Amino acid sequence: MSAPAPSTLAIVDAEPLPRQEEVLTDAALAFVAELHRQFTPRRNELLARRGERRAEIARTSTLDFLPETAAVRADTSWKVAPAPAALNDRRVEITGPTDRKMTINALNSGAKVWLADFEDASAPTWENVVLGQLNLTDAYERRIDFTDPKSGKSYALKSADELATVVMRPRGWHLEERHLQLNGVSVPGALVDFGLYFFHNAQRLIDLGKGPYFYLPKTESHLEARLWNDVFVFAQDYVGIPQGTVRATVLIETITAAYEMEEILYELRDHAAGLNAGRWDYLFSIVKNFRDGGSKFVLPDRNAVTMTAPFMRAYTELLVRTCHKRGAHAIGGMAAFIPSRRDAEVNKVAFEKVKADKDREANDGFDGSWVAHPDLVPIALASFDAVLGEKPNQKDRLREDVSVAPGDLIAIDTLDASPTYDGLRNAVAVGIRYIEAWLRGLGAVAIFNLMEDAATAEISRSQIWQWINAGVVFENGEHATADLARKVAAEELAAIREEIGEETFTAGKWQQAHDLLLQVSLDQDYADFLTLPAYEQLR
């Protein structure tokens, strides 16, 4: 008797979308179902391991390089696979969600790479998940255009040789996709995003000479990188493309991953393209993991934690050295400034800061860096052109002068700055404004001339939580307390109502955002990710 056919994925509680049948084909869903069967059990084990490691940090208030992988670090013979031509020059990368207008603008931006984001810059509504996939396929097929209904302005792709190379970022391992279930169990969002994209576009991208390439977010250990590597091996066999076709760049945006950079590259060595320094999530991870560690782990206002802070410098210099030792690209952090159309002086000051940041990265040995807006592409390009010239990268610069001890990465108290009352007010204001937009389906939001994403909201609410629980006293004598946070939040909500008017306020999700920010900032039981309770409210 033959074995019963495996159960198929069910689409649950989702309104039909235009052209969804092009994305949610039977064959594509069968592939995602197989990824789910093969890899979700291991993913669940690794999420449990995160909790165990976090409990260990709570006991010890320290981290170290892993003794059990010392041989991997000591072995000088291994390197990652050589970069494919389309990923050899990455001097400027632009980031953003996969809505239709952004897809065209990012591809046309002049950046070498576009990080097409299904993660922190995209609220995971079913519409964003499915139509984002459709937009990318339409772009590869050159059947994408867009006319802005407000301005009437039309957007279309430039010639193929002028377009950025796409590196797609799926959701992190911790998130579910509730609209796709197998036997009543939701499929991890990471496998949905990766699976649909890979199944539909792997061969298309090979034909274009540009992929399939991925950014891997929120990685916390080399074992999680090993899981991704096994996903890649399985997927390449499944669709019949050569092993090693996939390339992945891992974001080192958790404090635990910073201690396992070499091991992460080793696990992915046949598929590794590089590592990236993700600033806001990295700070969020420090707060999350060392929240019981006392005053020496209290971070000041987020804008006071520049990349020149000693512990951040240790992190970025170790990343460059690690990447170049193993033949991988080192990609720098985000320039999040959004140029003002009304204030030239604001732009002048901000552009000078962006230039200084990109000059520092290029001179430190990074091979490229991120920007959030097309107007910043020329600034970053000039910084890297000045150092690279005609060379595609500077992986030959080994940075053997860099020596980072385990304690250097968590020496938070080397930073001469303290939390301020204005910092609390800013964290509340940005948190409410970002969460409100996220609940309406927007993941990349311009707030106070900065492009903010989910990592911003995470550091905002984490700092509120940390300052209250550490008993911080601000420079004005006020104590960080839950009551003070509630008072500031009420004032900010009233100010927003005044600013945008009653009708717009009522039509938005402002009260909901205010309540959710306070929930994740004040609950004693610290939520691992703000997006987990937020997803329950996302419709």
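Please read all numbers here as calculations on a predicted model, not as lab measurements. Sequence positions, counted from 1, serve as the residue numbers for this chain.
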message: Counting C-beta onward and ignoring hydrogens, is there a side-chain heavy-atom pair between Val32 and Leu9 closer than 4.5 Å?
response: yes
task: Side-chain contact test, heavy atoms from C-beta onward, threshold under 4.5 Å: evaluate it for Thr531 versus His174 and give yes or no.
output: yes
query: Do other residues, nucleotides or ligands put more than 12 heavy atoms under 6.0 Å from Asp525 CG?
result: no
field: Chi angles and distances behind the salt bridge (Lys or Arg N to Asp or Glu O under 4.0 Å) call for Arg43, Glu224
entry: CA-CA 8 Å; Arg43 171 265 199 177; Glu224 294 178 17; over 6 Å; no
- prompt: For Trp465, what residues pass the ring pair (Phe, Tyr, Trp, His ring centres under 6.0 Å) criterion, not counting sequence neighbours?
  reply: Tyr526
- request: Starting from the C-alpha separation in whole Å, work towards a yes-or-no answer on side-chain contact (heavy atoms from CB on, under 4.5 Å) for Asp396 and Lys391.
  value: CA-CA 10 Å; Asp396 57 343; Lys391 289 167 52 183; 3.4 Å; yes
- line: Applied to residues 315-336, the ring-ring contact (aromatic ring centres under 6.0 Å, His included) test, sequence neighbours excluded, yields Tyr282-Tyr315
field: Minimum side-chain heavy-atom gap Lys358-Lys353 below 4.5 Å
entry: no
query: Regarding Asn393 and Asp89, is there a side-chain donor-to-acceptor distance under 3.5 Å anywhere?
result: no
message: Checking Thr62 against Thr60: is there a side-chain donor and acceptor pair closer than 3.5 Å?
response: no
message: Among Trp370, Tyr197, Trp228, which residue satisfies the ring pair (Phe, Tyr, Trp, His ring centres under 6.0 Å) criterion with Tyr215?
response: Trp370
field: Phe311 side chain reached by Leu409 side chain, heavy atoms, under 4.5 Å
entry: no
message: Looking at Leu299, is its backbone amide N or carbonyl O close enough to the side chain of Trp467 to form a donor-acceptor pair, meaning the two atoms are under 3.5 Å apart?
response: yes
- request: Using distance alone, with no hydrogens and no angle criterion, decide if Asn201 and Gln133 have a side-chain donor and acceptor under 3.5 Å apart.
  value: no
message: Under 6.0 Å from the ring centre and within 45 degrees of the ring axis: does the NZ or CZ of Arg291 meet both conditions for the six-membered ring of Phe297?
response: no
- prompt: Any Lys/Arg nitrogen of Arg42 or Glu45 sitting under 4.0 Å from an Asp/Glu carboxylate oxygen of the other?
  reply: no
task: For Asp281, enumerate each residue passing the side chain to side chain donor-acceptor pair (under 3.5 Å) test, keeping only those at least two apart in sequence or located in another chain.
output: Lys218
Contacts of Phe337 that satisfy ring pair (Phe, Tyr, Trp, His ring centres under 6.0 Å) - sequence neighbours left out: Phe351
- request: For this output row, return yes or no: ring centroids of Phe284 and Trp280 closer than 6.0 angstrom.
  value: no
query: Taking side chain as C-beta onward, heavy atoms only, is Val371 less than 4.5 Å from Met451?
result: no
- prompt: Does anything in residues 185-213 pair up under salt bridge (charged side-chain N to carboxylate O under 4.0 Å, His left out), and if so which pairs, sequence neighbours excluded?
  reply: Glu141-Arg204, Arg171-Asp193
field: Trp114 ring center near Tyr213 ring center (under 6.0 Å)
entry: no
field: Partners passing side-chain contact (heavy atoms from CB on, under 4.5 Å) against Leu381 (at least two apart in sequence or in another chain)
entry: Arg91, Val92, Asp385
field: Pair listing, salt bridge (charged side-chain N to carboxylate O under 4.0 Å, His left out) test, anchored in residues 61-72, at least two apart
entry: none
task: State, without any angle test, whether Ser369 and Glu361 hold a side-chain donor-acceptor pair at a distance under 3.5 Å.
output: yes
task: List the steps and the verdict of salt bridge (Lys or Arg N to Asp or Glu O under 4.0 Å) for Arg313 and Asp364.
output: CA-CA 10 Å; Arg313 194 126 182 83; Asp364 279 352; 2.6 Å; yes
Salt bridge present between Arg53 and Glu56 (N-O < 4.0 angstrom): no
- prompt: Distance-only, no hydrogens or angles: does the Glu119 side chain make a donor-acceptor pair with backbone N or O of Pro217 under 3.5 Å?
  reply: no
message: Exactly one of Arg321, Arg269, Lys79, Arg326 should register a salt bridge (charged side-chain N to carboxylate O under 4.0 Å, His left out) with Glu262. Which one does?
response: Arg326
message: When you compare the side chains of Asn276 and Thr249, does any donor N or O come within less than 3.5 Å of an acceptor on the partner?
response: no
message: Is there a side-chain contact between Phe214 and His271 in this structure, where contact means two heavy atoms from C-beta onward sitting under 4.5 Å apart?
response: no
- prompt: Under 3.5 Å, is there a donor-acceptor pair between the Ser285 and Asn289 side chains?
  reply: yes
field: Any donor-acceptor N/O pair, Thr40 side chain to His36 backbone, under 3.5 Å
entry: yes
query: Are any of the side-chain heavy atoms of Thr256 and Ile57 separated by less than 4.5 Å?
result: yes
query: Looking at residues at least two apart in the chain, or sitting in another chain, which of them share a ring pair (Phe, Tyr, Trp, His ring centres under 6.0 Å) with Phe118?
result: none
query: Counting distance only, does the side-chain N/O of Glu263 pair as donor-acceptor with the main-chain N or O of Arg73 below 3.5 Å?
result: no
- request: Could you pull out all residues at least two apart from Lys112 that satisfy side chain to side chain donor-acceptor pair (under 3.5 Å)?
  value: none
- prompt: Do NZ/NE/NH1/NH2 and the carboxylate oxygens of Arg279 and Glu253 come within less than 4.0 Å?
  reply: no
message: Test: salt bridge (charged side-chain N to carboxylate O under 4.0 Å, His left out). Region: residues 398-410. Which pairs qualify, not counting sequence neighbours?
response: Glu317-Arg399, Arg399-Asp401
message: Using the rule given for salt bridge (Lys or Arg N to Asp or Glu O under 4.0 Å), can you reason through Arg90 versus Asp367, listing the C-alpha separation, both sets of side-chain angles and the distance that settles it, and then say yes or no?
response: CA-CA 7 Å; Arg90 306 179 62 173; Asp367 303 293; over 6 Å; no
- request: Scan for side-chain hydrogen bond (donor to acceptor under 3.5 Å, both in side chains) pairs involving residues 409-420, sequence neighbours excluded, and state none if there are none.
  value: Asp301-Thr420
task: Name all pairs fulfilling the salt bridge (charged side-chain N to carboxylate O under 4.0 Å, His left out) condition that reach into residues 232-252, sequence neighbours left out, sorted by first residue then second.
output: none
Candidates Phe194, Phe39, Phe198 - the one meeting ring pair (Phe, Tyr, Trp, His ring centres under 6.0 Å) with Phe232: Phe194
query: Do you know which of Leu216, Leu251, Ile252 makes side chain to side chain contact (heavy atoms under 4.5 Å, CB included) with Leu275?
result: Ile252
field: Note, Glu352 side chain near Lys355 side chain (heavy atom, < 4.5 Å)
entry: no
